[in-house]
Protein chains: 2
Amino acid sequence: MKITMAAEYAVRCVLYLAKHGQDVLVSRQEIAERTLTPGKFLAKIAQDLAKAGILTIKQGAKGGYRLRRDPKDVNMLVVVEAIIGEISLNECTVRPSTCPSSLDCSANLIWQRARQQVRETLRQATFADLARQGSCCVPAFPPPLHASEQIP
Amino acid sequence: MKITMAAEYAVRCVLYLAKHGQDVLVSRQEIAERTLTPGKFLAKIAQDLAKAGILTIKQGAKGGYRLRRDPKDVNMLVVVEAIIGEISLNECTVRPSTCPSSLDCSANLIWQRARQQVRETLRQATFADLARQGSCCVPAFPPPLHASEQIP
DNA sequence: ATAAATAGGATTTTTTTTATCCTATTTATC
DNA sequence: GATAAATAGGATAAAAAAAATCCTATTTAT
């Protein structure tokens, strides 16, 4: 399984929201522009994030997204797996039937180990931490827009 | 970047060879059958492995492949990267230009860390170790064929 | 009621992966 | 040297996955 662009966009989106705080509503358009994500594509991604309980979507005029949980309770693993499903490095570890392997395959064991490490590292990265430090969305991005400065 | 089937086939191939010892010649056909790899596809993979100095190809009648190095000097990272290029988890870490990131992006840092761990884990897995233990190609596979038993 | 915004399903485009086809070349053996 | 057995290597096709967009419907502030 691959870490797709959709997963990267998801991380950017949640990070952007985290920088604004838990309950601040941000329009899809703003997020899309600031994170360099195609707007309609972001809509798809947000739906998955909403299903996973990570953000809430407000429809209608002045709609947008807002983080549902405290950024310290959201980590990269949760966000990424909300989009691409459980991370696995290769087919071998996912569908043993595609492999001539017995259950105790030494190569398989290595793949599993690597997979665990990736998942653990992502799990430890909370968005509270990420938002505190420099990040993808800042300072390359300008500071959050105020209502008076909304892009038309 | 994804760990493709080609990379998995490569690992199986080298593991199969490692089980036979450094300088034993094994036909492509035999490897393909025993590792459940499409024959022509294995040819492509073997060419990459040969370019990477991992095995040698003997053409012509009674041709085949043989491990070029001692199995203890070949590891999964080298084999996998010979096929798919340097492992990276996501675009973000590979092409910073696709990302609105500054150089010190905290999310990027996490991706890099995860990537390092995967690469290190694969690097530590030598084929001497893998061949010693149960593995993909044994015992699900029957023991190595002897000349007298060659598949026609 | 209207306009602004997102939802959600269908579809398209693009890219990547997987695999095969075909001709050429190499090598053992007779 | 001729022949048959193997693999090489480039081109191409088929399949799958990813990225993105289109279109209509629905929701909500004003």
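Labels below follow one simple rule: chain letters A, B, ... track the order of the sequence lines, proteins then strands, and each chain is numbered from 1. The model shown is predicted, which means the values in this text are computed figures rather than measured ones.
For A/Arg113, there are no side-chain hydrogen bond (donor to acceptor under 3.5 Å, both in side chains) partners two or more places apart in sequence or in a different chain. By the side-chain hydrogen bond (donor to acceptor under 3.5 Å, both in side chains) test, A/Gln116 is found to be paired with no residue, residues two or more places apart in sequence or in another chain being considered. Evaluation of the side-chain hydrogen bond (donor to acceptor under 3.5 Å, both in side chains) rule for A/Asn75 yields no partner, not counting sequence neighbours. Here A/Asp70 pairs with A/Gln22, A/Lys72, A/Asp73 under the side-chain contact (heavy atoms from CB on, under 4.5 Å) rule; sequence neighbours left out. Evaluation of the salt bridge (Lys or Arg N to Asp or Glu O under 4.0 Å) rule for B/Arg119 yields B/Glu81 as partners, not counting sequence neighbours. With sequence neighbours excluded, the residues forming a side-chain hydrogen bond (donor to acceptor under 3.5 Å, both in side chains) with A/Thr121 are B/Gln117, listed by chain and number.
Between B/Gln47 and D/dG9, a side-chain N or O to OP1/OP2 separation shorter than 4.0 Å is present.
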Which dot-bracket notation, 5' to 3', represents the base pairing of DNA chain D when pairs are defined as Watson-Crick or G-U with both distances under 3.5 Å, crossing pairs as [ ], and inter-strand pairs as |?
||||||||||||||||||||||||||||||
Side-chain donor-acceptor pairs under 3.5 Å in residues 39-48 of chain B, sequence neighbours left out?
unit_1	atom_1	unit_2	atom_2	d
B/Gln47	NE2	B/Ala43	O	3.4

Donor-acceptor contacts, no H, no angles, side chain residues 53-66 of chain A, under 3.5 Å, sequence neighbours left out:
unit_1	atom_1	unit_2	atom_2	d
A/Thr56	OG1	A/Arg66	O	3.3
A/Arg66	NH1	A/Asp23	O	3.2

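Remark: P of D/dA8 and CD of B/Gln29 are 13 Å apart, rounded to the nearest angstrom. In this structure, the CG atom of B/Leu49 is 15 Å from the C1' atom of D/dA8, given to the nearest Å. Atoms CD1 (B/Ile45) and C1' (D/dT7) sit 15 Å apart, rounded to a whole Å. Between A/Arg28 atom CZ and D/dT27 atom P the separation is 17 Å, expressed in whole Å.
Among pairs with a residue in residues 113-132 of chain A, none fulfils ring-ring contact (aromatic ring centres under 6.0 Å, His included), at least two apart in sequence or across chains.
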Got a list of protein N/O to nucleotides 18-20 of chain C N/O distances below 3.5 Å?
unit_1	atom_1	unit_2	atom_2	d
C/dT18	OP1	B/Met5	N	3.0
C/dT18	OP2	B/Met5	N	3.2
C/dA19	OP2	B/Tyr9	OH	3.3
C/dT20	O4	B/Lys44	NZ	3.0

What protein N or O atoms touch nucleotides 27-30 of chain C N or O atoms at under 3.5 angstrom, if any, and at what distances?
unit_1	atom_1	unit_2	atom_2	d
C/dT27	O2	B/Ala61	N	3.3
C/dA28	OP1	B/Lys58	NZ	3.3

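In this structure, B/Arg69 places its CZ atom where more than 12 heavy-atom neighbours from other residues, nucleotides or ligands lie under 6.0 Å away.
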